[in-house]
A.B. asks: 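Quick one: this structure, given as structure tokens, is what I'll be asking you about.
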Amino acid sequence: MAVPKRRTSHARQGKRRSHLHVTAPQTQFCSNCGEAVLPHHLCSACGHYQKREVVVMEQQEAEGK
């Protein structure tokens, strides 16, 4: 089994781990209701995607009956 010749210094360890940070997901806002939405996904609150209604939500069906 390979054994490291020298220990990893704190500086080298920090440089290596500097790329392991967590980034927040990018969000856009729905043009219909203003809810935060992931890019290229339809709005889960109102069912709209790119200013078009793609999915009829159950609340709207219940109100129409």
Side-chain angles (χ1 to χ4, degrees):
M1 183 175 150
V3 178
K5 190 171 186 177
R6 302 213 186 267
R7 75 182 196 111
T8 304
S9 68
H10 292 287
R12 184 172 289 272
Q13 182 182 11
K15 285 183 208 174
R16 184 180 68 238
R17 291 183 180 173
S18 67
H19 301 285
L20 301 178
H21 59 277
V22 177
T23 57
Q26 290 187 334
T27 57
Q28 299 173 337
F29 296 99
C30 177
S31 60
N32 186 48
C33 66
E35 192 75 22
V37 180
L38 292 173
H40 305 288
H41 286 74
L42 72 103
C43 179
S44 60
C46 66
H48 278 70
Y49 179 73
Q50 292 185 347
K51 299 179 183 178
R52 290 180 290 135
E53 185 174 9
V54 178
V55 176
V56 178
M57 303 305 286
E58 294 180 14
Q59 289 180 339
Q60 293 174 352
E61 290 178 357
E63 291 174 2
K65 290 182 180 175

A.B. asks: Can any side-chain N or O of His19 pair as donor or acceptor with the backbone N or O of Arg17 at less than 3.5 Å?
C.D. replies: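 Judged by distance alone, no pair lies under 3.5 Å.
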A.B. asks: Evaluate His40 against Tyr49 for side-chain contact (heavy atoms from CB on, under 4.5 Å), listing each step before the verdict.
C.D. replies: CA-CA 8 Å; His40 305 288; Tyr49 179 73; 3.9 Å; yes
A.B. asks: Please find the pair of heavy atoms, one from His48 and one from Cys30, that lie closest to each other, and give the distance.
C.D. replies: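 Shortest heavy-atom separation between His48 and Cys30 comes out as CB-SG, 4.4 Å.
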A.B. asks: If the condition is side-chain contact (heavy atoms from CB on, under 4.5 Å), which residues does Thr8 pass it with, not counting sequence neighbours?
C.D. replies: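 In terms of side-chain contact (heavy atoms from CB on, under 4.5 Å), with neighbours along the sequence ignored, Thr8 is linked to Arg12, Gln13, Arg16.
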A.B. asks: Are Val54 and Met57 linked, directly or through other ILVMFWY residues, by side chains that come within less than 4.5 angstrom of each other?
C.D. replies: yes
A.B. asks: For residues Pro39 and Gln28, report the shortest heavy-atom separation together with the two atoms involved.
C.D. replies: CA-OE1, 3.8 Å
A.B. asks: Return the minimal non-hydrogen interatomic distance between Lys51 and Ser31, and the atom names on each side.
C.D. replies: CG-OG, 3.3 Å
A.B. asks: How close do Leu42 and Val55 get, counting heavy atoms only, and between which atoms?
C.D. replies: CD2-CG2, 4.2 Å
A.B. asks: Would you give the length of the straight line joining atom CZ of Arg52 to atom CG of Asn32, rounded to the nearest 0.5 angstrom?
C.D. replies: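 Here the interatomic distance stands at 13.0 Å.
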A.B. asks: Could you pull out all residues at least two apart from Ser18 that satisfy side-chain contact (heavy atoms from CB on, under 4.5 Å)?
C.D. replies: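 By the side-chain contact (heavy atoms from CB on, under 4.5 Å) rule, Ser18 matches no residue at all.
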